[in-house]
Amino acid sequence: MNLSAVSSKQYPSEGYPEIALLGRSNVGKSSLINTLINRKSFARTSSTPGKTQTLNFYNIEDLLYLVDVPGYGFAKVSKKQREEFGVMIEEYLTTREPLKGVIILVDGRHAPSDDDISMYQFVSYYHIPTLVVATKMDKIKGNQWNKTISQVTKAMEINQTDSLQLFSAETKKGKEEVWTWIEDHMK
């Protein structure tokens, strides 16, 4: 069962642990979800990249929910809509009991944006365990990966309790490490 919600009244009630995926529009949240869900017998889901306007809860084998959060840096949405998204996202991140951690996706080809840094600072302030995932690593030569790691770690000031993982939906690089982090935070 997958469901969409815009307010706490519509959130799932089973109490399964939740991991939220945050990031700019088109950074690859849907690609990460699809890559993760193709693991073994997981159900395949689909959503339209860059078009998420609700919190989308993906039930993974009645064990957890992966929650696709609307992207920030929204293309083609009004200021009023952006404010509404902000309120909805803030309410979810600060009040949701089953939320066990967040994955912030950043485009590994570029320095993290001000929005990426602000989001990381926001979740850090609320002590939400965080995995930063640098996506689209298949588009970067292997000898440049250390540069990406350094650039993201430095710009976002990733603290010692959080982690950074390189990821590619194309090559599946980082998939198992992301699952390991999720499984470690489901408890």
Side-chain angles (χ1 to χ4, degrees), residues 1-6 10-12 16-39 42-61 63-75 82 85-86 88-108 112-113 115-124 126 128-137 152 156 158 162-170 172-186:
M1 178 183 105
N2 299 325
L3 64 99
S4 297
V6 293
Q10 300 167 316
Y11 296 165
Y16 302 144
E18 295 170 10
I19 301 290
L21 283 81
L22 309 167
R24 291 177 58 80
S25 298
N26 299 322
V27 74
K29 291 186 301 294
S30 297
S31 296
L32 176 64
I33 291 170
N34 287 331
T35 299
L36 292 174
I37 289 181
N38 286 334
R39 177 180 181 229
F42 280 42
R44 185 171 168 76
T45 68
S46 65
S47 67
T48 312
K51 299 272 196 299
T52 305
Q53 298 189 1
T54 57
L55 295 169
N56 291 320
F57 292 80
Y58 294 100
N59 181 331
I60 311 302
E61 294 189 342
L63 294 172
L64 84 139
Y65 279 104
L66 291 178
V67 185
D68 188 2
V69 175
Y72 43 82
F74 319 96
R82 277 198 298 274
F85 288 164
M88 174 180 65
I89 294 166
E90 185 172 336
E91 175 193 23
Y92 173 74
L93 293 174
T94 59
T95 65
R96 186 67 173 151
E97 192 68 36
L99 180 65
K100 301 301 180 196
V102 298
I103 298 175
I104 297 177
L105 287 78
V106 299
D107 188 331
S113 69
D115 288 336
D116 294 326
I117 294 166
S118 295
M119 181 56 76
Y120 180 70
Q121 290 170 341
F122 178 83
V123 297
S124 293
Y126 286 99
I128 302 169
T130 303
L131 174 64
V132 177
V133 172
T135 62
K136 308 182 185 198
M137 292 306 294
V152 172
M156 295 180 78
I158 297 175
D162 295 330
S163 307
L164 170 65
Q165 177 61 52
L166 304 181
F167 177 78
S168 166
E170 285 295 309
K172 313 286 186 258
K173 182 201 176 356
K175 174 182 170 180
E176 290 307 316
E177 292 83 351
V178 172
W179 267 121
T180 298
W181 185 90
I182 290 170
E183 289 163 357
D184 288 348
H185 288 83
M186 282 172 56

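Keep in mind that what you see is a predicted model, and the values were worked out from it rather than measured. Computed from heavy atoms alone, side chains included, the values below leave out hydrogens, waters and symmetry copies.
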Exercise: identify the closest heavy-atom pair between Gly174 and Phe167: C-CD1, 4.0 Å
Nearest-0.5 Å distance that lies between atom CG in Leu99 and atom OH in Tyr126: 13.0 Å
Candidates Glu18, Gln10, Met88 - the one meeting side-chain contact (heavy atoms from CB on, under 4.5 Å) with Leu55: Met88
Non-hydrogen atoms of Ile158 and Tyr120 that approach each other most closely: CA-OH, 3.5 Å
Any donor-acceptor N/O pair, Thr135 side chain to Val106 backbone, under 3.5 Å: yes
Residue from Asn56, Ile104, Asp68 passing side-chain contact (heavy atoms from CB on, under 4.5 Å) with Lys29: Asp68
Partners meeting side chain to side chain donor-acceptor pair (under 3.5 Å) with Ser124 (sequence neighbours left out): none
Test item: Asp184 side-chain N/O and Trp181 main-chain N/O as donor-acceptor pair under 3.5 Å: no
ring-ring contact (aromatic ring centres under 6.0 Å, His included) partners of Tyr11, counting only residues at least two apart: Phe57, Tyr92
Side chains of Tyr58 and Ile33 in contact at under 4.5 Å (non-hydrogen atoms): yes
Polar contact flag, side-chain donor to acceptor under 3.5 angstrom, Asn34-Ser31: no
Heavy-atom pair with the smallest gap, counting every atom of Lys136 and Asn26: NZ-O, 2.9 Å
Where Trp179 and Ile60 come nearest, the two heavy atoms and their spacing: CH2-CG2, 4.1 Å
Thr130 OG1 to His185 NE2 distance, which is reported to the nearest 0.5 Å: 8.5 Å
Rounded distance (nearest 0.5 Å) linking atom CD1 of Ile182 with atom CD1 of Ile103: 4.0 Å
Rounded distance (nearest 0.5 Å) linking atom CE of Met137 with atom CD of Glu170: 14.0 Å
pair Val178-Thr35: side-chain heavy atoms closer than 4.5 Å: no
Rounded distance [0.5 Å steps], CE in Met186 versus NZ in Lys100: 10.5 Å
Derivation and outcome, side-chain hydrogen bond (donor to acceptor under 3.5 Å, both in side chains), residues Ser118 and Asp115: CA-CA 5 Å; Ser118 295; Asp115 288 336; 5.4 Å; no
Val69 to Ala20 - nearest heavy-atom pair and separation: CG2-CB, 4.1 Å
Step-by-step side chain to side chain contact (heavy atoms under 4.5 Å, CB included) determination, Leu66 to Leu21: CA-CA 7 Å; Leu66 291 178; Leu21 283 81; 4.3 Å; yes
Inter-residue atom distance Ile19.CD1 - Leu131.CG, 0.5 Å rounding: 9.5 Å
Salt bridge Arg24-Asp107, side-chain N to carboxylate O under 4.0 Å: no
Leu93 side chain near Met119 side chain, heavy-atom distance below 4.5 Å: yes
